[in-house]
Amino acid sequence: MTAKISYSDVEVGTELPAQTFPVTRETLVRYAGASGDFNPIHWNEKFAKQVGLPDVIAHGMFTMAEAIRVVTDWTGDPGAVVEYGVRFTKPVVVPNDQGAVIEVAGKVAAKLDDNTVRVDLTATCAGQKVLGMSRAVVRLA
């Protein structure tokens, strides 16, 4: 696959289509099974509260993976991502009754060499920024 977005068609400030990602306890259990991370803070409310968390929290890597989907959906090619990094700033709290929603927006922050751009992502949940310094370098067509 190759990116469907052309480097020449993109300018600094280009906004990627924002997306929302619902998260439920079932989502977390499925992710735990796929990742092998069965830490009880991700599925056991009693345990999470005993260790000082407000409730069950989403896996950091799950949150990171949901955020980059904004970029891969925009490019049309997951292989276009050359680099990706984040700082975990707040946990995504997932109450049992309503779950949570991760909101992600992205913007082209810089045009780089070799048909690459840097995309800065903003990921929030319940009005709180959950990822900091969330940046991806992407090779475009």
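These figures come from a predicted structure and were not determined experimentally. Atom set for the values below is all heavy atoms of this structure, side chains included, hydrogens, waters and symmetry mates excluded.
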Determine all donor-acceptor pairs shorter than 3.5 Å in which one atom belongs to a side chain in residues 11-25; sequence neighbours excluded.
residue, atom, partner, partner atom, Å
Thr14, OG1, Glu11, N, 3.1
Thr14, OG1, Glu11, O, 2.7
Gln19, NE2, Asp73, OD2, 3.0
Thr24, OG1, Glu26, N, 3.3
Thr24, OG1, Thr27, N, 3.1
Thr24, OG1, Thr27, OG1, 2.9
Arg25, NE, Val94, O, 2.8
Arg25, NH2, Glu45, OE1, 3.3
Arg25, NH2, Asp55, OD1, 2.6
Arg25, NH2, Val94, O, 3.2

query = Which atom names give the shortest non-hydrogen contact between Thr89 and Leu131, and what distance separates them?
reply = OG1-N, 3.4 Å

key: Neighbour count above 12 (heavy atom, 6.0 Å) for Lys90 NZ   = no

query = Hey, is the main chain of Thr122 close enough, under 3.5 Å, to the side chain of Ser134 for a donor-acceptor pair?
reply = no

ask   = If you measure from CG on Asp37 to CZ on Phe62, what distance do you get to the nearest 0.5 Å?
value = 12.5 Å

query = Got Leu121 and Val104 here, is their nearest side-chain heavy-atom distance under 4.5 Å?
reply = yes

key: Sub-4.5 Å side-chain heavy-atom contact between Thr72 and Asp77   = no

query = How would you list, by chain and number, every residue that makes a ring-ring contact (aromatic ring centres under 6.0 Å, His included) with His42, sequence neighbours excluded?
reply = His59

request  = State, with a plain yes or no, whether a side-chain heavy atom of Leu28 is found less than 4.5 Å away from one of Trp43.
outcome  = no

request  = With sequence neighbours left out, write down each residue that passes side-chain contact (heavy atoms from CB on, under 4.5 Å) with Gln98, or none if nothing qualifies.
outcome  = Pro95

task = Considering only NZ, NE, NH1 and NH2 on the basic side and carboxylate oxygens on the acidic side, decide whether Lys107 and Asp120 come within less than 4.0 Å.
result = no

Tyr7 side chain vs Val117 backbone, donor-acceptor pair below 3.5 Å = no

key: Residue pair Asn96 / Val56, side-chain heavy-atom distance below 4.5 Å   = no

task = Flag yes if more than 12 heavy atoms outside Asp113 fall under 6.0 Å of its CG atom; otherwise flag no.
result = no

key: Minimum heavy-atom distance Val70-Gly106, with the two atoms named   = CG1-N, 4.4 Å

Salt-bridge contact Asp114-Arg139 (side-chain N to carboxylate O under 4.0 Å) = yes

